[in-house]
Structures are given as C-alpha cells and as structure tokens.
Amino acid sequence: MAGTTATATATANSPPPILTDEDIVRLAQNQTQTCAPIPPYLLSPQSHPTILSYLNSRCSSPSPSISVNEYTLSLLSLISLSPHNPSLSSLLSSLLVSYTQVFTSFKIPRDSNSLKTLQRFGTLLDHIPKSDVAPIIDSIVSYLPQIVDTDDTQILDLLPRCLDLTRNVEEIECVGDYANSVFDRMLDCNWSKNLLIKMVSLVREFPIVDKEKMRIFLEKVLSAVDRVDLQDLPSLVYQLLLLASRGFNKREVIEAVVMLFRSGIGWSKGRSITRQIEGTVLLHMNFAVKQDPSLGQEIMGLVRSDPRAFNHFTVSILLSIASVRRFNENSMGILKTVLLNAYHDYNFAKDCKWLPDDLKEDYKRNIKVIEKEVLSAVNESNNGREHILPSILQFGFLLLESVEERKWKDLCNSGPMMGIEQLGIEMLKSLFEVHYMNRNEIIEQCKFRILSLKPEQSISIIRLLGYLTQNYPYPMLEHVSHLKELLDYFTYEPGKIATFFITALLPLIKYSGNLQDYAILALRKAMFHRDATVRLAATNAIIDLISVEKQSNRDNLFPLQESSSQASCSQQAEIDHGKAGGLFQELSGLLQRCLYQQAEVREVMYCGLLKLVLTDPSTGGAVLDFLLPHFLQFYNKDADAQLGISCCVKSENGRVVIEEPLYCLLSCVSWILFLQPSSKPDQTLHSSWACLGFSLSQDNEAERNVAAESFGSAFLKIRKFLRNPKLDGIIHQTQNASSASPEEKKSKCCALVLSGIIEVILNSVANELEKAVDEEKENLEKEFTELVDVYETLGKDLCASRLNNGIRRGNPRPAGPDVPDSDLRQKRLSQGLVPFLATSSIYQLLQATMELYNTDLSKKSEGSQKQSQSSATSKCCSRIISFVLNVFLSHMKSFAVVGKEDPLKTLVYGDIKMLGPPLFKLIILLKTGKHISTNQKKREVKGKKKEDRREHLHLALMCLKELLVATLRSPDFTGLLDGIVLISASEYAGLDDACEAASRIDEQHLRSRVLFIFKTLKPLLSELLAVSSFNEVEIICDIILMIGNQLPCKWRDSIGAWAVYVCKSNEIANYKVARNVVTLAISLSLPPNDLILAKDMAAELFKAIGSHDDEPDDLMQVSESYPLINCSTKETISSSLQQIIGTVINDIDWAVKKLKANSLFIHKSPHLYDNGKQELQLAFEENLYSRAEAVVKVLASFVWMNLDDSQAEHLLRLSERVYKHLAALTKLRIAPRGWKQLTPSLKFQQLVELTCKELTVPLYDFVENVQKKQRKNTKTKGILNKIKRENRCIPDLVFHIEDYEKYLIQLSKLSKVNLLKHAKRSTARDFRILDNDVIVEEDDAPNHRADNNSSAPAENESFTDSEDSQGNGSEKILSPETGSPLAIEDSGTADQDEDGLPTAKKVKRSRIVQDSDDDV
C-alpha cells in the first residue's frame, strides 16, 4: 500500500514528457476530434524555450513558409483552448515576439500562410499580458524601414490593436505620450509606396493621434504620393476619406485630396489613364459624401474660403456632389459665386489706380485659370464621370441665366477672357458634341427656359441654340420636333425674342424643308396678329428666311458640308427641299400684306428688302418690280406735284399719323439702284428675273427694264420737284394754318415726310458729288444748298409746332432732342434702323460745307459791297453747317444701336474713321472764323452770327466726341486719331517736351492716343478756355478723360499734371467747367498724388466756404493757389470732391472684403499659403492703409466747413462708411484664438492716430453744428424731411465710430500698443427725440438755452462720474443743449420712436470710452 502511494507521488512530481514539434502539430490536428486536454508539456513554463526553439529550427526547412506557419497555427490552436491560463498567456506573448522576429528578419516568405498566421494572432491579442505588448510594438516599428512589397505589410495589422492594449498598462506612465512617440517614430522613418498605402488604411485605427500629428501625417503622404502607382491612388483616396469620416481632421484630409490632384502631379503613364483614375476617385468621393454629409460641407467650405483651391478636380468634385440632392443648390451656388467674383475682381482691379501691377496680373491670371479649369472639367467628363453630366448641364444653363443681370451683362466680354455667357455656351456645346444621350435633354432645357424665363435671360439660351445649329446642323435635325414646338409660341414671345429665335434657326432651316415650311406657317399666323410687335418680328423673320435661301444658292446650296457631323441617309433626303421659284416668290403674298400694315412694319420691310439685295444682288430687279406698283400710288409723273405727300398721312382715332413712310421706300429704291452694276445691266436684270422662274424672251426682256427705268426717271423728277418754287405752297400752308386744326396737323406730318425724302435725295446728291467736276459740281453744290434750305425751313416749322400738337407716326412716342427732325431720327434710332445718309455722303457734304464756308470768308475778306448778298450767303452757310452737323450727330448715335451683324451697317457706315479729318477741319474753321490755309487774324462777329458760330462749334465737338466713342474699341480708332493729329500739327505748330517724348513711343496705338491729347486736345482746350467757351471746354474735358483712362500710368500722370496746372493758372467762374477740370486733374493723377491734390483743394475750399463761426465778409473770394475755386464754383467743387471720395471708398470696400477673405483662408489653411502670395498680400494691405489714410485727411478738411444741408448729409454718410471699413480693418488685425497676436504695423498705427486726432474729434462738433442749423430752420418748408433723413444717418455714424473704437480697445490690450491715446475722452453719447413743440420753445428762449450751454461741461462731468455707480445710467437723457454733442430730432413724440435706436443700442452708446496708457 505504501509502495503504491510512493509510486504515484513520484509520477506526479516527475516532469511531463517532452513533445517534439511534430507531436505538437499532431496534437493540434487531433484536438478537434478527440477533445483531449491540453498537454502538460505546454503548461510548463520550463518547456517554453524548447517550444519556441522549434519555430526557429523550422525556418531552415525546405519549405519554411508551410513549416513555420503550420507549427505556429498548431500552437495557437492549442493555446486558444485555454487562453486565460497564465502559462499559456505567457507562451502566447513569447510566441508572438518570436514570430515577429522571424517575420521581420525575412526568415520566412510573406504569403497567404503568413497572413493566415498573423490573422490568427490578431484574434488572441486580448489574452497577451499588457506588459509584454511594448516589445512587440517596438519590433514592428523597427521593421517599417525594411518594408518594400505589399506582403511585407501583413504584420502591421497587429499594430493598432497592440497600441490600444497599452492604454491600461500601469508600467507605462503616460499612455498618450507613448502612443504619440510610437507614431512619431513611424513618421520619422522612410516609407515605401506600399507602406504608405498600408499606413493610410491603418492610421484611422490608431488611438490618441492629435490633429497636429495628423496634419504631419497628411503632409508625409502628399510628399510620398508621387511614388504610388496610379492603380493604387483610388484606394489611397478612399482610405483617406474613411479616415475623414471617422472624424480625423476632415478639412485637412479634403485639402490633401484636392492637393493630390491639383496639378496632375506629373504622372508618366499618360493623361488618359489619369482621367480614369480621377473618375474613380470622384465616385469614391460621391459615395463618401452620401455616407457622411459633413464631408460635403467641408468640400464646399474649402472652395468657398479659398478660390485658389479652384481647379478642374474641385470643379468635378462640386459637380459630383451636386448630384446629391441636399448639396445641389449649395454646390451650384459656390461654383457660380466663384466665377462671378473672379470676373468682378478682375474688372474692378484693372481700373483701380492704387493696386500694384503684380496684383492686377494675378487677378487676370486667376480668371484665365478658372475658365480653363472649368472647361477642362467638362471636357474630361467622359472618363468614368457620367454621373456629373446632369450637373454640368445644370451649371451651364445657370451661367446663361446669370447674364440677364445687367451688372454681369458686359462682364469680361472684351479682352482675353471669354465671359460668363461664352463660358456657359462652351460647356453646353462640349456636352452636346461628346455625349449623345444628353443632346435631347439640352434641347428640352432650351425649349423650357425660352418659354419660361424673362426675355433678358432667354436671349442667351437662344444664342446657344444658334451656336448648336451653326456648328452641329446634322445632329440638330434629329430634334426638329422640339424646335417646331417653340415655333408654335412665336406669336406669344416678345418681338425681339421671336426675331432672335428665327435668326438662330436659320442655319438649320437650310437643311430642313420640313422646318422651313413649319416656320413659314407660323409666320403667316403672326402676320395676322393684332399686336404690331409680333407683325414686326414676323416681317424681319420673312426677310431672314429669304436671305438664307439666297445665301445658300449663292454658296452652292450647302456651305457647311465640311461639318464634323455628317448627315444620315434620311437627313440627306430631308435636306433636298429646294423649290423652283424660290422663297421670294412664295412669300411675296406675305410681303404684299406688309405694304398695308402700319408705318413701322413697312419701314422694317423696306430695310429688309435692301438687306436681301445686299445678300444676293441679282434679286435687285425683282425687288424693284415688287415695289413699283406700290410706289406709283404716291407718284404721278404727269401732275405738277408728282409726289402725293398727302396720301402718306391719315387720321386715326382723332390723331394724325403717317401711314406710308415714303422716305424709307425711296431710300430703299435709291440704294438698290446704286448697287446695280451699271456696266452689266442685262446680266443683272436677267439674274433677277431668272430667280423668279421666268425664261428669257424678247417680250419679258423688254419688260425687265421697266422698274429700274421708272424709278430712275422718278428720282430725277422728284429732285426737280423738291427744288421747284411750287413746293413753297405746301410750306406756306403749313406755316399759316391754325395750330389747333386737323389740317395743320396733317400739314406738319407732310412736312415730316418731306424732310425724310430730302435726306434721301441729299444722299444721292452727295454720292454724285464724289465724282463730279467743274460745272457739274457747281450745280450739285447749288442743288445741295437749295435742298438744305428747304429742309431747314421744314425743320423750323416742325420745331415751332411741336409744343402745340401731338404729331406721331404710327404710335405715340416721347419727344426727341431739340433738333428740327427729331421725331424722324429718334424713331429710326429707337427701332435700330440705319440713317438715310451714308458715311461717304456725310463726308462729301462736309467737304462741300467747308468749301462754301471758305468761299463765304473769302468774300468777306475782299470787302464785298453787296452786303445783302453776303448776308444771305452767310445765312445759307449757317443753315448748311447746322444741317450737316445734326446729321453727323444722329449718324454717330445710331452707329452704336445698329447690330454688328446687320449687313446694312457695312453699306451705310463703311469706313467711319474717314469722317474725322474733315470734321476737325470744320472745328478749326468754326473756332478761328478764318480760312484754314491762311494766317489772317480772326474777324470779330457780333450778335447772332457769333452766337451761331459758337453753337455750331459746340455741335461739331459733340460730333467729335460721339465719333471717338463709337470707334474707341475698334481697330479704326488709331487711324482716326492719326488723321486728326496730322491736321492739328499744322494748326498748332511747335512741340513741347511731352510731345517729343510721345513721338518716340514704339506702340502705334499708344503713340496715337498720347499725341492726340498733347497735340490736339490740350491746345484746343486752352484756346477755348481763353475765349470763355465753357460748354465746349466741358466736351474737351470729357474726351481727355475718356482717352486718358486707357493710357499707362506714366502718360496718365503727365496729363493729370497738366490738368493740375490748368487748375492753378486759370480763374474759371463757370461751375460746370470747374467741376470737369477738377475731376480731370484728380482722376488722371496717380496715387497718392490724386488725394493729396484733393486734400489741397479741400483746404482752399475751407477758406472759401468757411466754418460755422465765420462771417461772409471774412471768406476768400478767389483762391490764390487754385483760382478756379471761387465764390461761383465752391459749392460745385465741394460736391465733386465728395463724389470722388465716394468712389475711393468703394475701392476700399472691395479691398476690405478681399482682405477678409484672404485672412480667413490663411487662418484655416496656413500650410497652403505660399510665401509669394503672402508678400503680395502684405503689399496690398499697406497700400490699403495708405489709401484709407488719404481719405481720412480729405474728410478731415470737410468737417470744419459750413456745408449746406445736402452736402452735410453726404459727408455724414461718407464718414459712416469710412468708420465701418476702419472697424473691419481693425477686427482683421486681431488674431483669432490659438494664433499669436502680431504688433500692428506702423502704417496701421499712423492711420489710427490720424483718424482719432483729425477726424473723430471734429466730427462730433460738425454733427452738433449741423443739428443747431436744423433747429434754426425748422419753420422752413421741407426742412423736417431733411432732419428726419439726417437723423437716421447720425446714429449709424456714431454706432460705427464706437464699433471702431471697441475693436481698437481689444487690439490695444492684445498687442500691448496703446492705439487710443489720441481718442476723444469722456463723451456722453445720449439721444432723445425732440418734438416740434420743444424745438419751438428752444427758438423762443435763446437766453435759457445759453444758460444751459454754459452749464454743459459740469453736467456732462457729473453724468460721467455717476454712470458706473448707477445701474440705469443709460436711461438718463441729455438734450443737445445740455452738453451731448449728438441728438436725434423728429416731429413725432417720444412714444413714436421709429427713427431712433432700440434700447439696447442706446445703452451701448451711452457708455463713455475712457482709456489711459495704463489700461492697455
């Protein structure tokens, strides 16, 4: 018994049997079947070294991967049976350390076996003793630099969980510091591309990673991303987005992704692969935004805060997230805002004088980049980005709708930029060309928007349709059904829109007979519409249809065969739709109906027929045949008065109207006759008849000359008729008829028709003058004189009757300018019709006028004894000059109205610069009153003759100004100036230094502009100023300012210096001229000289206007420094200076907004802000401070003046805006939380000191004086409304002053710089509403008010001392007479406090700002 017990005890104490590695593998394999207990050998701590040694020994086997991992998995399987056992837990820890060493020492391959083993380790990590985790982490982190392949990163999956286990380890003093130290070690080592991808996927699982380290991590990712394979980029971005969705630095992650694709990062695989990669990334981002909407907010916030982040990829991102409904409106709004702001900034910066040139170029470059990036995003939309196509379509139409706003209408439509409209059209054109499935949607959207939008908005949509029909006619044929639906609404659209729509369809109508027939049907309906504007539109459309057909026939039917999109068989069959007789014959019935419409419709048709002949001259004969029967209704060759002028006028609803615009008919016929080739009449007439389908025969060949010959003979008889004395019967009847009788009104209308006919005849006479010589020329000049005499007689009669009756043509209209035929010309100008006289005709008339004028002067110089004949010649010459100049002026005004595409513009206006030299010669003649080629002294002209000459000179200068305006942006402008300078060189001999320097300018366009100002305008202005021709000087100043603003800084400043000299050397009493000269001097002077000049003038104005205490006798009558400042001009100059300061404040307003936007970006994303931009920003900020300081100096001069009510109110509002911007600037100087507070710059401190000392302190006294002045004038009619208006701006002014001082206090405390040492102290700013009774009592008791004023300082001081001790100090009310410098006055009672401030604001404004050097 005892022996048995001893044997058992020995067995229990003996060591467990040793197991080999094969035994362990076998036990693990059988464990699932036998469920045997864990072998004691594994539980023994003494056996652990042996067990671990098997791991190393298996590394040398032929298949180390299978051998090692098989053994490791077997051990893990056995350990998992009881992982909580301390012995097994220790074995697990040691096994992991050993396996980590084997893995990191590259003793085993990295394959699926090792991955399976590591995953098994991951399931048991929670059972490892936490104190043993740190060595494992250190081993893994030390292994990071050795990672090369993707499989090398398998062991990194254990790292996040291991770091998480260290949180509760007591041996580690600060878990967060340990985790951060591990992360720092990871950041310090070199990352391969595969390690980079793995780290991005793992970092979101790391515990306790602060934002700063995450930012460093993202920078490291960006610095190494160029080594990443392209196919790995989408997964990398996706992991970054997952990281952001977990809350890790969302803004930084989004910025990292944007920076990743910002510049294309020089991938060598090709742009096509890059586009596909970007498309995949966009899908990932779209999915991430749907899962985490906050990512979408971060994306939009990034683009909104930093326009520099705007590139093709961010555009694609915004378009992508716009497909998410909740982000659609905001994404589109951000894209639109960025574009519009970029255009606005560029337009503002290029005209801003004080911005550095580098900054202007930066804005110009920015808008080019934005346009390029938007188009790039659209062009790349076919590379895995189909989900953004609806957003592109929506954004393109959104841009087109934005053009409707007038402030954007002409935005960037010149120069290198495309502009908003063209950018939107290019986007949609690209979409239409590339994506076939979107074509129908584009056309549908066009149809919907044309019918639903306002006319101003739909014009851009129709222009898009025009581009599509012009460039893609064959694809557009597939959408003819939608266009037909639009044609059904022709009669419901405004006339301009309807005409424009037909014009847009014309390129497509040439290819579609079906569409053409449908358009004709719609036009037939429109011709019977009751609205005259619809009939006008239909008439224009009919002419356009015929012109397109003629153009196609002339260009061999199909000029667009080289179009990129070829027609299908069915489309080609559709194209062949020609008709034997042509559209002119088919639509002649509709045109015939136009002859029975109102005068406006007939005028449009006559002009349209002329356009038709210009398009195809062979149709001239057919048009004449069409018009001849209608013309014969008003012409009788056998009668004494061949023209039936009375038949052109009728009574309608009790009013007399012009029914037939015979002058338009004759103008059309005369141009057609002029355009017919005289050398080949037979060929021309043959072509015109052939287009109507007639065959040649002797009979119709004899008939084809009838129309042209009839019109030709009729014109000759009409010219004789207009020179016939029997015409005086009509004029005599017009002059003697009763002004109130219907016959008188009819006679006036007849005179109006006659005046138009005379203009047409004069155009023909001028054309003949060009080639006439000798006697023929004399006869034509005589005819010209007689016709002008008749014309002027009719014009005087029309002017005399304009105030007594309501003559109208067709429809009533407002009166035109005060010229004899204003009704006729103004009507044609409003309709966009070309004038009757061509440019060449006006040129000939100018030449003839100067010859007559020189002849008249020659007779006077010879001392002719026939005084009556000389007087008659002078009157005739005066009438001719007046007529020619009025025609010239009307011609120039219509030049800008007539569309560029109008074919009549080339015919009528031609080479418009040819008018410059003769016009300037006439100006010299009118200015000097002598022959241009002689040196005789100017003869004085007294009375009416001198006055007429001055009026003619004024009219000639107006013509010159309009001519320059019309050609300012055209290539002809340089040639025009050169021609005028060549003439002025002989008139104003001698060159000063500036002219010599200007002659050496290399650029021709710049040299012409500078020489024109120095050689022509400067001496001309000096001469006119010397003879007190003030109205003419105004025009010269406007011209100089218009051209000077286009010059570079050097020459602009030179002209400004000359204008300053004019201000200092001329005593000008005319207030209008003084205003123009002052504006010219300041506007063309460069900063800071412009506002220094304004300050000097304001100082002189103070001497002329005086303060509130000055007596009238003490005021300066004429300034010694600037003689143009005198008692006659001081008010106007004061107002002009305030207006100039207002424009400068507008510049400051824009600059403050830009400064604020840049400051927000710097604070949010400082790592994206490069040093070059920062230096440019600092220079911009310093310039802004200098500009604001100059404005403060000018305003400081005005606050001492005794201004009238309107100017005082304007000054208060200007001051309010200045303080508002100063407060914003001060707020921007305060560093946000977490940022170091910088010391304000010296320039900023100077601005603060100047504002407090020279503006704030006297401004309170100015307000007090204004209110005293109001109280004295309360009984004056209308003064109460002024008081109310000013009382609304005074509280706003004080609010912004105190707001400014509030930020100064905050900045002073943070920066330790006393910025308020010059601020006004102890100012009680209380208000109360004083009703009229109180004001009357004050006026009746001046002595009582004086007593109160004497006690004001004591009361103010007591209020200051007691305010802090009483809780309701703000309720204590001080009237203006008890010491408060500000008060609100109103006609209401205290209960009706509509114009006053809320109680909260009163409490705020009642506080007293008392600061000392010790407080800050």
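This one's a predicted model, so the numbers in the text were calculated from it and none came from an experiment.
Between the side chain of Lys336 and the backbone N or O of Ser402 there is no donor-acceptor pair closer than 3.5 Å. In this structure, Asn341 contributes its side chain and Thr337 its backbone to a donor-acceptor pair below 3.5 Å. Listed for the Asn1265 side chain is a donor-acceptor partner under 3.5 Å among the backbone atoms of Asp1261.
Residues forming a ring-ring contact (aromatic ring centres under 6.0 Å, His included) with Tyr363 (at least two apart in sequence, or on another chain): Trp1150. Considering only residues two or more places apart in sequence or on other chains, Tyr1219 meets the side-chain hydrogen bond (donor to acceptor under 3.5 Å, both in side chains) condition with Thr1256. Looking at residues two or more places apart in sequence or on another chain, you find a side-chain contact (heavy atoms from CB on, under 4.5 Å) between Ala1104 and Met1116, Ile1125, Lys1130. In this structure Glu298 satisfies the side-chain contact (heavy atoms from CB on, under 4.5 Å) test together with Lys250, Arg251, Ile254, sequence neighbours excluded. Partners of Glu1181 according to the side-chain hydrogen bond (donor to acceptor under 3.5 Å, both in side chains) rule, which considers only residues two or more places apart in sequence or in another chain, are Tyr1185, Arg1229.
Under the 4.5 Å side-chain criterion, counting only non-hydrogen atoms from C-beta, Tyr1122 is not in contact with Ile1133. Taking 4.5 Å as the limit, some side-chain heavy atom of Cys352 sits within range of a side-chain heavy atom of Trp354. Side-chain contact between Asp1090 and Ser1083 is absent, with no heavy-atom pair separated by less than 4.5 Å. Put simply, the side chain of Leu1222 does not reach to within 4.5 Å of the side chain of Val1248, judged on heavy atoms. At least one side-chain heavy atom of Ser1134 sits under 4.5 Å from a side-chain heavy atom of Phe1198. Side-chain contact check for Val1263 versus Val1266: every heavy-atom pair is 4.5 Å or farther apart. Residues Asp345 and Asn366 form no side-chain contact, since every pair of their non-hydrogen atoms from C-beta on lies 4.5 Å or further apart. Using a 4.5 Å cut-off on side-chain heavy atoms (C-beta onward), Lys1103 and Leu1115 make no contact.
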Could you check Cys1063 against Met1097 for side-chain contact (heavy atoms from CB on, under 4.5 Å), going step by step and ending with a plain yes or no? CA-CA 10 Å; Cys1063 295; Met1097 287 187 174; 3.9 Å; yes
Take Gln1237 and Ser1311, measure what side chain to side chain donor-acceptor pair (under 3.5 Å) needs, and give me the verdict at the end. CA-CA 6 Å; Gln1237 176 62 55; Ser1311 63; 5.5 Å; no
Go through Glu1209 and Arg1213 one step at a time and tell me if the salt bridge (charged side-chain N to carboxylate O under 4.0 Å, His left out) criterion holds. CA-CA 6 Å; Glu1209 180 187 355; Arg1213 297 193 181 278; 3.5 Å; yes
Test side-chain contact (heavy atoms from CB on, under 4.5 Å) on Leu1259 and Ser1215 and set out the steps. CA-CA 9 Å; Leu1259 188 58; Ser1215 302; 4.0 Å; yes
Begin from the C-alpha positions of Asp1109 and Ser1107 and carry the test side chain to side chain donor-acceptor pair (under 3.5 Å) through to its verdict. CA-CA 5 Å; Asp1109 300 329; Ser1107 64; 5.0 Å; no
Checking side-chain contact (heavy atoms from CB on, under 4.5 Å) for the pair Val1191/Val1218: CA distance, chi angles, key distance, verdict? CA-CA 8 Å; Val1191 170; Val1218 168; 4.0 Å; yes
Run the numbers on Asp1292 and Leu1212 for side-chain contact (heavy atoms from CB on, under 4.5 Å), then give the verdict. CA-CA 9 Å; Asp1292 293 335; Leu1212 292 176; over 6 Å; no
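In this structure, Leu1214 and Gly1142 approach most closely via the heavy-atom pair CD2-CA, 3.8 Å. Among all heavy-atom pairs drawn from Leu1091 and Val1194, the shortest one is O-CG2, 3.7 Å. The minimum heavy-atom distance between Arg1075 and Thr1079, with the atom names listed, is O-OG1, 2.8 Å. Between Met1201 and Ala1098, the shortest heavy-atom distance links the atoms CE-O, 3.0 Å. Residues Pro1240 and Val1313 come closest through the heavy atom pair CD-CG2, 4.4 Å. Across all non-hydrogen atoms, the minimal contact from Leu1195 to Ile1141 is CD2-CG2, 4.1 Å.
Atom CG of Leu1307 sits about 9.0 Å away from atom CD of Gln1245, to the nearest 0.5 Å. Note that CG of Leu1084 and CG of Leu1093 are 11.0 Å apart. Values are rounded to the nearest 0.5 Å. How far CG of Asn1045 is from CG of Asp351: 8.0 Å, rounded to the nearest 0.5 Å. Put simply, CG on Asp1204 and CD on Gln1207 are 4.5 Å apart, with the number rounded to the nearest 0.5 Å. Between Ser1135 atom OG and Leu1211 atom CG the span is 11.5 Å, to the nearest 0.5 Å. Between the OG1 atom in Thr1226 and the OH atom in Tyr1300 there is a gap of 5.0 Å [rounded to 0.5 Å].
Ionic pairing of Arg1217 and Asp1149 is not present here: no N-O contact between side-chain nitrogen and carboxylate oxygen is shorter than 4.0 angstrom. A salt bridge does not link Glu1298 to Lys1302: none of the charged nitrogens lies less than 4.0 Å from a carboxylate oxygen. Using a 4.0 Å cut-off between a side-chain N of Lys or Arg and a carboxylate O of Asp or Glu, Asp1147 and Arg1187 do not qualify as a salt bridge.
Within 6.0 Å of the NZ atom in Lys1227, the count of heavy atoms belonging to other residues, nucleotides or ligands does not exceed 12.
Counting only residues at least two apart or on different chains, no ring-ring contact (aromatic ring centres under 6.0 Å, His included) pair has a member in residues 1089-1109.
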